[in-house]
Colleague: 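Dumping the structure here so I can ask a few things about it.
Any value given below was found using the heavy atoms of this structure, including those in side chains, with hydrogens, waters and symmetry copies removed. Quick caveat, the model's predicted, so the values are computed rather than measured.
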There are 2 protein chains.
Amino acid sequence: MEADMIRGKLTQKGLKVTPQRMAILEAVFSLNNHPTAENILDFVRNRIPSVATGTVYNILETLVTKKIISRVKTDHDVMRYDGVSEQHHHLYCSECDLIEDYFDDELDRILKNYFKDKDIPGFNLDNIVLQIRGTFNKC
Amino acid sequence: MEADMIRGKLTQKGLKVTPQRMAILEAVFSLNNHPTAENILDFVRNRIPSVATGTVYNILETLVTKKIISRVKTDHDVMRYDGVSEQHHHLYCSECDLIEDYFDDELDRILKNYFKDKDIPGFNLDNIVLQIRGTFNKC
DNA sequence: TCCTATATAAGAATGATTCATAAACAGGTT
DNA sequence: AACCTGTTTATGAATCATTCTTATATAGGA
């Protein structure tokens with residue numbers, strides 16, 4: 001993820017480009033396993049030692065609101081963040097804290113097709129994310 | 001949900017039957033909209049004013065571990081609880097904090113069939129819950 | 001009824017997240 | 001290039017859900 005690309009994501013949404021926002025977005029895009037705010041803070045401090053904890057939360061909130069990133073929550077953990085914009089699902093491990101992205105175009109077609117005709121009374125469907133629970137073989 | 005039924009759920013799992021556990025299970029089963037620990041605490045205090053906050057969290061943890069109830073993740077809220085044991089999915093509203101249960105046997109058959117043949121490398125699938133995001137018409 | 005492992009009460013402690021305020025800054029304007 | 005002004009960040013206190021510790025109480029088998 002190039003700096004220019006990140007910069008573009010910010011300006012596109014009318015957000016000012018600041019070193020803190022650049023570093024946080026780079027953290028979310030480069031850290032694997034859906035980092036926590038703390039993971040992101042650690043990453044960012046390498047570049048900007050003076051960054052404030054509150055600033056990280058503040059910026060993450062802004063980025064989620066502007067739909068540049070999204071939140072992922074587990075049954076037990078603290079909030080985690082996801083920089084992947086393409087439609088995808090999540091594999092949750094019952095044994096470890098890894099959350100893996102799961103991409104499946106065929107599945108998405110099937111779901112889209114199924115819900116195209118399916119009316120959920122009183123509800124206006126926007127999108128669907130599968131929580132796929134299981135265990136990784138290595139666990 | 002009868003008291004005897006709740007009692008049965010506890011003894012089946014080798015848990016002692018206590019007034020606190022009975023009241024908490026009744027709360028989870030009777031409160032709608034996937035109650036928070038606080039919602040449950042309020043309900044339980046009506047019957048047992050002396051109940052301790054820690055006890056509610058403690059018991060909820062036990063009940064989840066024994067798979068009598070489950071946790072529901074949200075992107076923003078605190079932890080919420082679910083007393084429905086049958087396979088089902090969740091409708092999340094983007095406008096309000098309502099989480100509605102969604103039952104769909106046909107969908108479950110389609111998913112089961114799809115993943116029967118589908119191998120997710122390195123992963124042992126256990127179950128799937130759909131997070132269906134959208135808005136209720138009334139919102 | 002007694003015994004013992006288990007469960008609960010009380011309230012302090014923790015830890016993630018939010019908030020209030022003052023200082024700093026990005027980016028458009030002159 | 002320096003200036004403005006609304007936006008953004010730093011600081012550190014505050015909040016709030018949840019967990020932990022320890023002493024007391026209790027469920028249920030013997």
Colleague: Taking NZ, NE, NH1 and NH2 as the nitrogens, is one of them in Asp75(A) or Arg133(A) under 4.0 Å from a carboxylate oxygen of the other?
Modeller: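 Salt bridge present between Asp75(A) and Arg133(A).
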Colleague: Under 4.0 Å from a heavy atom of chain B: give me the 5'-most and 3'-most nucleotides of DNA chain C that qualify.
Modeller: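 The footprint of chain B covers dA5(C) to dA10(C).
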Colleague: Taking for each residue the nucleotide of DNA chain D with the nearest heavy atom, is it Thr53(B) or Pro19(B) whose nucleotide lies nearer the 5' end?
Modeller: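 Between the two, 5'-proximity favours Thr53(B).
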Colleague: Residues in side chain to side chain contact (heavy atoms under 4.5 Å, CB included) with Val17(B), at least two apart?
Modeller: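 Val17(B) satisfies side chain to side chain contact (heavy atoms under 4.5 Å, CB included) with Arg7(B), Leu10(B), Thr11(B), Met22(B) once adjacent residues are dropped.
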Colleague: Under the ring-ring contact (aromatic ring centres under 6.0 Å, His included) rule, what pairs show up with a residue in residues 43-66 of chain A, not counting sequence neighbours?
Modeller: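 Output for this query is empty, none listed.
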Colleague: For Ser50(B), enumerate each residue passing the side-chain hydrogen bond (donor to acceptor under 3.5 Å, both in side chains) test, keeping only those at least two apart in sequence or located in another chain.
Modeller: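 Applying side-chain hydrogen bond (donor to acceptor under 3.5 Å, both in side chains) to Ser50(B) gives none.
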Colleague: Only pairs under 3.5 Å count here: list side-chain donor-acceptor contacts from residues 82-97 of chain A, not counting sequence neighbours, and write none if there are none.
Modeller:
| from | atom 1 | to | atom 2 | distance (Å) |
| --- | --- | --- | --- | --- |
| Asp82(A) | OD1 | Val84(A) | N | 2.9 |
| Asp82(A) | OD2 | His88(A) | NE2 | 2.9 |
| Asp82(A) | OD2 | His90(A) | NE2 | 3.0 |
| Gln87(A) | NE2 | Ile128(A) | O | 3.1 |
| His88(A) | ND1 | Glu86(A) | O | 2.7 |
| His88(A) | NE2 | His90(A) | NE2 | 3.3 |
| His88(A) | NE2 | Asp101(A) | OD1 | 3.2 |
| His89(A) | ND1 | Leu130(A) | N | 2.9 |
| His89(A) | NE2 | Asp108(A) | OD1 | 2.7 |
| His90(A) | NE2 | His34(A) | NE2 | 3.4 |
| His90(A) | NE2 | Asp101(A) | OD1 | 3.3 |
| Ser94(A) | OG | Gly134(A) | O | 3.3 |

Colleague: Go through residues 31-52 of chain B and report each residue with a non-hydrogen atom lying under 4.0 Å from DNA chain C, sorted by number.
Modeller: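 Those residues whose heavy atoms fall under 4.0 Å from DNA chain C, taken from residues 31-52 of chain B in numerical order, are Ser50(B), Val51(B), Ala52(B).
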Colleague: Can you find a side-chain donor-acceptor pair between Asn33(A) and Arg80(A) that sits under 3.5 Å?
Modeller: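 Yes - a donor-acceptor pair under 3.5 Å links their side chains.
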Colleague: If every non-hydrogen atom of Pro35(B) is compared with every non-hydrogen atom of Val28(B), which pair is closest and at what distance?
Modeller: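 Pro35(B) and Val28(B) have their closest heavy atoms at CG-CA, 4.4 Å.
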Colleague: Supply the atom-to-atom distance Tyr81(B) OH to Ile24(B) CD1, rounded to the nearest 0.5 angstrom.
Modeller: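 Rounded to the nearest 0.5 Å, the OH-CD1 separation comes out at 10.0 Å.
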Colleague: Quick check on contacts: within residues 56-68 of chain A, what sits under 4.0 Å from DNA chain D by heavy-atom distance?
Modeller: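 Those residues are Asn58(A), Ile59(A).
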Colleague: Who pairs with Lys116(A) by side chain to side chain contact (heavy atoms under 4.5 Å, CB included), at least two apart in sequence or on another chain?
Modeller: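 With neighbours one apart ignored, the set is Asn113(A).
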Colleague: Pick the closest DNA chain C nucleotide for Arg71(A) and for Val17(A) by heavy atoms, then say which residue is nearer the 5' end.
Modeller: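 Result of the comparison: Arg71(A).
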Colleague: What pairs with Glu38(A) under side chain to side chain contact (heavy atoms under 4.5 Å, CB included), at least two apart in sequence or on another chain?
Modeller: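 Checked Glu38(A) against side chain to side chain contact (heavy atoms under 4.5 Å, CB included); matches are Thr36(A).
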Colleague: Could you give the distance from CD1 (Ile68(A)) to CD (Gln12(A)), rounded to the nearest 0.5 Å?
Modeller: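 Rounded to the nearest 0.5 Å, the CD1-CD separation comes out at 8.0 Å.
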Colleague: On DNA chain D, does the nearest nucleotide to Thr18(A) precede the nearest nucleotide to Thr11(B) from the 5' side, or the other way round? Give the residue.
Modeller: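 So the residue in question is Thr18(A).
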Colleague: Shoot me the first and last contacting nucleotide of DNA chain D against chain B, ordered 5' to 3', at under 4.0 angstrom to non-hydrogen atoms.
Modeller: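 Extent of the interface on DNA chain D: dA17(D) to dG28(D).
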Colleague: Show every ring-ring contact (aromatic ring centres under 6.0 Å, His included) that has at least one partner inside residues 119-139 of chain B, sequence neighbours left out.
Modeller: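 Checked against ring-ring contact (aromatic ring centres under 6.0 Å, His included) - neighbours excluded - the pairs reaching residues 119-139 of chain B are Phe123(A)-Phe136(B), Phe136(A)-Phe123(B).
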Colleague: Excluding sequence neighbours, so at least two apart, what forms side chain to side chain contact (heavy atoms under 4.5 Å, CB included) with Asp104(B)?
Modeller: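 With sequence neighbours excluded, Asp104(B) shows a side chain to side chain contact (heavy atoms under 4.5 Å, CB included) to Tyr114(A), Lys118(A), Tyr102(B), Glu106(B), Leu107(B), given in chain and number order.
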